[in-house]
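Below is one structure, written out as structure tokens; comments come after it.
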Amino acid sequence: MEKCTEIRWHARGGQGAVTAAKFLAEVALASGKDIQAFPEYGPERMGAPIKAFTRISSAPISIYCGVKNPDIVVVLDETLLDVVKVAKGLSDDGVILVNTDDDPTDVRKRLGIKKGKVYAINATSIAIDTLGRPIPNTPMIGALIKITGMAPLEDVTSHFAKTFGKKFNQKILEGNIEAIRRAYERVRGE
Amino acid sequence: MSKKRIVATTGNGAVAEAMRQINPDILSIYPITPQTAIVEGFSKFAANGLVDTECVTVESEHSSMSNCIGASAAGARVMTATSSQGLALMHEMLYIASGMRLPIAMFNVNRALSAPINIHCDHSDSMGARDTSWIQLYSEDAQEAYDNTIQAIRIAENRKVLLPVMVNMDGFIISHGIQKAEFIEDEKVKNFVGEREPFMPLLDIDNPVTYGPFDGLGGFFMEHKKNQADAMERAKSVILEVADEFAKISGRKYGFFEEYMLDDAEVAIVTLNSSAGTTRHVVDELRAKGVPVGLLKLRVFRPFPAEELVNALKHLKAVAVLDRALSFGSVGPLFSEVKATLFDLEVRPKVINFIYGLGGREYTLQDAKRAFDVLMDVAKTGKVKKTFDYLGLKEVEVLT
């Protein structure tokens with residue numbers, strides 16, 4: 001069987017994790033992959049911890065349960081590190097990306113894990129600089145595609161412009177694309 | 001002319017898109033989670049002038065089905081969508097729709113029934129409507145939900161059938177999950193569904209007819225019911241004919257059920273909707289290790305394809321039927337029918353029942369593996385330890 005890439009997103013309600021999970025799936029779909037993106041359904045409250053999932057595969061995906069052993073974990077809110085076991089089930093060569101100003105080595109200590117690779121990006125500050133609002137989802141996508149090589153940066157930014165061109169005004173659209181670029185450049189690994 | 005499109009869509013989005021392409025005369029609208037996004041999506045199409053449909057907002061699902069019944073009897077092509085408590089509230093009208101032989105197409109997004117209050121997936125709603133004389137189609141994913149919705153129109157309106165059709169998909173898991181799906185060209189769908197040619201419509205004032213009058217002791221009530229049962233039986237060949245025609249415009253082939261790795265299997269799971277996908281994944285994993293397992297995914301539950309099921313399952317040593325609903329005081333509804341169907345065989349598989357996923361409880365890969373483990377044990381020993389069991393049940397202390 002072909003390997004399916006499984007991503008688990010941890011965030012708080014309102015940070016745009018579901019939108020990010022969906023957007024990433026759409027980018028992969030455009031390159032001919034099969035995809036899934038879905039949240040863990042529950043009471044959707046602003047600020048409450050939520051999980052979302054993305055699956056990307058060259059072969060058809062026929063699995064309809066949540067991701068238990070993710071290849072990639074994305075944490076949009078670092079305060080979750082103290083309340084949710086974000087690294088649970090992470091595969092041995094998995095990747096974990098956290099929105100934080102800390103160094104990846106410090107993040108690893110906070111996570112208390114030995115396996116995988118840890119990356120850090122201050123997505124919130126990038127979002128504030130480029131969009132004026134602390135919505136970390138778009139910069140996290142920039143960081144994610146850099147560390148995974150999932151898709152070329154230009155494909156992602158052009159897909160973003162195509163998807164949100166009608167929804168956002170030019171300033172917001174450019175701000176988001178700039179946020180993706182900055183995070184792509186600034187993400188740090190151990 | 002529009003093009004064939006491969007999109008990332010929710011199940012609800014796919015159904016709304018199918019409805020836009022069908023462009024029915026009437027859409028009855030009453031919101032209920034997790035179905036709401038279907039009628040919401042369609043309402044946007046209507047507001048943007050993309051359809052000619054008259055969207056009728058009503059005050060309850062009972063009224064919604066009543067509106068469908070009136071409009072369909074008048075001769076219109078009618079659709080609606082509901083879920084759970086909504087389907088339950090329609091219940092008495094479901095019999096009236098089918099008893100009047102009205103070809104209404106309804107989408108039901110499967111959801112549990114209260115109490116306790118629960119908005120998540122199980123099949124208690126549609127299984128509760130099992131005996132209402134509605135044709136029932138089930139859909140594994142967004143693609144099948146879209147495809148079944150288009151086919152439902154043709155099945156319902158066929159002169160040999162004239163029965164309402166209910167298409168089902170799993171609430172949230174499919175209705176809200178984003179997946180890949182392929183949408184057919186608008187023109188092709190339009191030509192496929194054609195125009196409704198109503199049989200004895202109320203609005204044909206030159207040929208007045210009566211719908212749903214009293215039919216008591218001296219009348220033909222029992223003959224009407226036999227006719228309904230015969231129409232259900234005839235629906236079987238119509239469902240296959242429509243599927244063949246649909247394959248020509250879509251390239252996707254449908255039948256009463258999908259057989260997966262069944263030919264040389266010793267044991268198999270029988271299930272419907274999204275759990276079939278997760279089961280298929282586990283079939284692949286176990287097959288890679290040489291374990292002879294298979295899957296039968298039921299698409300058509302009413303009419304029940306008994307004869308065909310027997311042929312597909314008779315060579316197996318053991319079968320597990322998965323039910324996402326429970327007939328309290330008995331067993332799962334799908335199990336009891338599959339088991340009864342196999343009874344006439346002289347040598348028949350052992351059949352066991354697993355109840356799973358009630359109220360949205362996740363059906364995991366481990367659940368499917370456990371079911372196959374039990375099946376392989378039954379196949380090896382020839383003995384069934386437990387005919388009826390649950391998957392994914394939490395261990396709790398119960399006050400009695």
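Every chain is numbered from 1, with letters handed out A, B, ... down the list of sequences. Keep in mind it's a predicted model, so treat the numbers as computed, not measured.
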Has B:Lys253 got more than 12 heavy atoms of other residues, nucleotides or ligands less than 6.0 Å from its NZ?
-> yes

Which pair of non-hydrogen atoms, one from B:Asp141 and one from A:Tyr64, has the smallest distance, and what is that distance?
-> CB-OH, 3.3 Å

Selection from B:Val282, B:Ile173, B:Asp367 maximising heavy-atom pairs under 4.5 Å formed with chain A | B:Ile173

Side chain, backbone, both or neither of B:Gln179 within contact of chain A (heavy atoms, under 4.5 Å) = both

In terms of heavy-atom pairs under 4.5 Å with chain A, the winner among B:Pro34, B:Gly177, B:Ala276 is B:Gly177

Examine whether an atom of A:Leu29 lies under 4.5 Å from a heavy atom of chain B, and if so say whether it belongs to the side chain, the backbone or both; otherwise answer neither.
-> side chain

Does any heavy atom of chain B fall under 4.5 Å from the side chain of A:Lys68, the backbone, both, or neither of them?
-> side chain

Short side-chain to backbone donor-acceptor contact, A:Gln36 and B:Ile178, under 3.5 Å | no

Kindly indicate, with the supporting measurements, whether the criterion side-chain contact (heavy atoms from CB on, under 4.5 Å) is fulfilled by B:Leu365 and A:Cys65.
-> CA-CA 8 Å; B:Leu365 299 171; A:Cys65 45; 4.2 Å; yes

Against chain A, label B:Phe172 side chain, backbone, both or neither, depending on which of its atoms sit under 4.5 Å from a heavy atom there.
-> both

Is B:Asp263 atom CG crowded by more than 12 heavy atoms from other residues, nucleotides or ligands, each under 6.0 Å away?
-> no

Within residues 5-27 of chain A, residues adjacent to chain B where the heavy-atom gap is under 4.5 Å | A:Lys22, A:Glu26

Side chain / backbone / both / neither for B:Val7 at chain A, heavy atoms under 4.5 Å | backbone

Report yes if some heavy atom in the side chain of A:Pro39 is under 4.5 Å from a heavy atom in the side chain of B:His176; otherwise report no.
-> no

